[in-house]
Amino acid sequence: MAKPSFSTPLGMVDILPEETPSWRALEQIIHEEAAKFNFQEIRTPILEPTELIRRGVGQLTDIVTKEIFAFKKGDTHYVLRPELTAPVVRSYVQHHLDQRGGIQKLYYIGPMFRAERPQKGRQRQFHQFGLEVIGSSDPVADIETIAFMMRIYQRIGIKNFTLKLNSVGDPESRELYKQVLRDYLEPKRSQLSELSQQRLDKNPMRILDSKEPEDQEFIAKAPIIQDYLNEDSSIHFEQVKRGLESLDIAFEIDPHLVRGMDYYTRTAFELNSPDLGSQDALAGGGRYDLLVEEIGGKPTPAVGFAAGMERLLIACKELKISLAKKSALDIYIVSLGEDARNWALSILPELRTHCLSASMDYTGKSMKAQMKEANRELSRFTLIVGENELNTGTFILRNMTESNEVAISASEIVTTVLADKKS
RNA sequence: GAGCCCGUAGCUCAGUCGGUUAGAGCGCCAGGUUGUGGCCCUGGAGGCCGUGGGUUCAAUUCCCAUCGGGCUCCCCA
């Protein structure tokens, strides 16, 4: 094997022709469902200012401290976007979308970048779809966000998952809870994992998310935030729960669910699948009532989620769900000789004008080889053109699935193939 | 950032306790059918056995390094 001189960067993959139909089918589903919910698509640059991500996602988060692709051009620092909530909010503020009236219901599909060690379900360039509802603090926005997310998986047929729900509180509730948590954990500091000891100072709530064995005992007995929510946040949480119940969306409360981005307030949720292996989060999201202001806009409540597309496709593969199959060709023209090839080339435009997919040999190979190719391309018909046909004006149209053929005139080709396609 | 496993044909993998021309299935190309695909039969192309170094009379095989891949921890989609 000649060694390839070049290959994709670590953790980045080519999506090959046999895979793109599934991707397009998934994208199609997302676009269709978004339209049903009256969400509008937004597309933003792959690059964003470093400072936006730092402030948006959080200075101390893993994403910012170690997972970012950053570089500098002139005096400006850029990053490849690691997520899209902060950029969408940036766009919302930059273009004064709040001035358009109503709330903004936006969705997106696109590549994200995180400089992590690749493994199953984790790449350095990966794709997410997601949505952001900006301008509403009503629990209905949370419920619709989750309902949209669940609908995508439901439509695809992925049912094997757990929806975890929590409230991480508003700033007031959270400060109170953090203090309670610190008071509880501080006496046990020396018994906690090294990582959790650091977190105790910076962000004690993330200790709840720890998987270190030595932390588990303390986490299990730790006070839970639900007991420290103020009345507003508590009511909000209750309304979200009730809304999901009324929509028959099953969930479980996980008081230890703390997500990786700093901007979440109140509602936080995550969808996990046992079909994914170690990286089991299909999607996650929550409410972020402080982010718009943090990024320079007016105080504006918002909620959203993001879902991993590769992980969704992995789950499909595990569950043997096929989103798309190789598309069949309507007609392949087998041509014999120079005159026949020219004739074939000249008839293709008409076939395509009638919305038929049509192709022919580009290499001048034997009839048998051309028939093989038509078969490989799953062509429904082959049209055979040689000297005889050109002289008599009668062509052989072979039905490849039924293995029979008819002699027809040139003017009958389109109608015959179209008639079969409709039946 | 840390740990473990793996690199042999386009793909999936045998094999070599170190020793003449490295194999299979699938795929590809061609012939059997000088104008007919799928099934079948026959043949063919395609490998410096990831790369570099070491040990040895001899390395695809053993050792070291390196690169690449996979899985795991951490964290996340």
Side-chain angles (χ1 to χ4, degrees), chain A residues 1-4 6-11 13 16 18 57-58 60-68 81-85 109-130 149 193-196 198-199 206 209-213 215 257-261 270-273 276-285 305-315 329 332 334-337 340 361 363 365-389 395-405:
Chain A
M1 170 179 57
K3 300 297 162 292
F6 302 106
S7 58
T8 51
L10 178 65
V13 301
L16 297 174
E18 62 267 27
V57 176
L60 297 176
T61 57
D62 286 336
I63 288 179
V64 166
T65 55
K66 57 182 198 191
E67 297 172 3
I68 235 162
R81 62 189 194 192
E83 58 102 56
L84 221 40
T85 300
I109 300 178
M112 311 296 159
F113 302 83
R114 292 182 198 174
E116 296 181 272
R117 217 24 214 279
Q119 64 186 79
K120 186 180 180 187
R122 171 188 285 164
Q123 294 169 192
R124 293 184 152 201
Q125 175 176 344
F126 60 103
H127 297 76
Q128 290 185 330
F129 67 93
M149 180 177 90
S193 65
E194 200 180 322
L195 192 60
S196 290
Q198 294 168 22
R199 285 167 167 166
R206 290 208 58 81
D209 207 29
S210 168
K211 281 144 201 140
E212 302 290 336
D215 296 339
L257 175 66
V258 179
R259 296 183 43 75
M261 269 84 46
E270 196 168 290
L271 196 63
N272 300 96
S273 164
L276 289 182
S278 171
Q279 306 306 318
D280 67 346
L282 274 173
F305 82 91
M309 295 173 75
E310 281 83 358
R311 290 186 185 177
L312 190 156
L313 292 172
I314 288 170
L329 182 65
Y332 184 96
V334 172
S335 56
L336 301 160
D361 169 52
T363 62
K365 58 191 171 194
S366 71
M367 178 171 189
K368 178 169 175 157
Q370 292 186 50
M371 291 297 291
K372 269 188 91 153
E373 176 156 350
N375 191 61
R376 186 164 43 222
E377 298 303 322
L378 306 176
S379 191
R380 294 161 50 238
F381 287 94
T382 48
L383 185 75
I384 296 163
V385 186
E387 254 180 76
N388 293 342
E389 288 73 13
F395 302 86
I396 295 167
L397 183 68
R398 181 172 179 83
N399 184 320
M400 298 293 278
T401 46
E402 291 172 17
S403 297
N404 55 38
E405 50 198 41

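Note: hydrogens, waters and symmetry copies are ignored here, and every other heavy atom, side chains too, is used. These numbers were taken from a predicted model, which means no experiment stands behind them. Residue numbering restarts at 1 for every chain, and letters A, B, ... go by the order of the sequence lines.
A:Arg122 has no side-chain polar atom (N or O) that falls below the 4.0 Å cut-off from OP1 or OP2 of B:rC74. The shortest distance between the side-chain N/O atoms of A:Arg206 and the OP1/OP2 oxygens of B:rC74 is not below 4.0 Å.
Spacing of P atoms, B:rG31 relative to B:rA45, comes out at 16 Å, to the nearest Å. For the C1' atoms, the distance linking B:rU55 with B:rG69 amounts to 28 Å, nearest Å. Between B:rU60 and B:rC49, the two C1' atoms lie 4 Å apart (nearest whole Å). Spacing between B:rU34 and B:rC28 at atom P, rounded to whole Å, works out to 22 Å.
No hydrogens or angles were tested; on distance alone, nothing pairs the side chain of A:Gln370 with the base of B:rU36 as donor and acceptor under 3.5 Å. A donor N or O paired with an acceptor N or O is found under 3.5 Å between the base of B:rG37 and the side-chain atoms of A:Asn375. Looking at A:Arg376, its side chain has no donor and acceptor atom pair within 3.5 Å of the base of B:rC28. Checked by distance alone, A:Ser403 brings a side-chain donor or acceptor within 3.5 Å of a matching partner on the base of B:rG37.
Among the atoms of the strands shown, none is found under 4.0 Å from any heavy atom of A:Glu270. Residue-level contact check: A:Ala283 touches the backbone only, with heavy atoms under 4.0 Å from sugar-phosphate atoms and none from bases.
Remark: B:rG7 base-pairs with B:rC67; criterion is Watson-Crick or G-U wobble with both hydrogen-bond distances under 3.5 Å. When both distances must be under 3.5 Å, the Watson-Crick or G-U wobble mate of B:rA24 is B:rU12. B:rU34: no Watson-Crick or G-U partner with both key distances under 3.5 Å is found in any strand. Searching all strands for a Watson-Crick or G-U wobble partner of B:rA58 with both distances below 3.5 Å returns nothing. Pairing of B:rC74, defined by two Watson-Crick or G-U wobble distances under 3.5 Å, is not identified with any nucleotide. Under the Watson-Crick or G-U wobble criterion, with both distances below 3.5 Å, B:rG43 is paired with B:rC29.
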N/O-N/O pairs, protein side and nucleotides 68-72 of chain B side, under 3.5 Å:
unit_1, atom_1, unit_2, atom_2, d
B:rC71, OP1, A:Lys120, N, 3.4
B:rC71, OP2, A:Lys120, N, 2.7
B:rU72, OP1, A:Ser278, N, 3.2
B:rU72, OP2, A:Gln119, NE2, 2.9

Pairs under 3.5 Å (N/O, protein and nucleotides 39-42 of chain B):
none

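Annotation: side chain of A:Gln370 is in contact with side chain of A:Ser335 (closest heavy-atom distance under 4.5 Å).
Residue A:Leu312 holds its CG atom at 13.5 Å from NE2 of A:His127, rounded to the nearest 0.5 Å.
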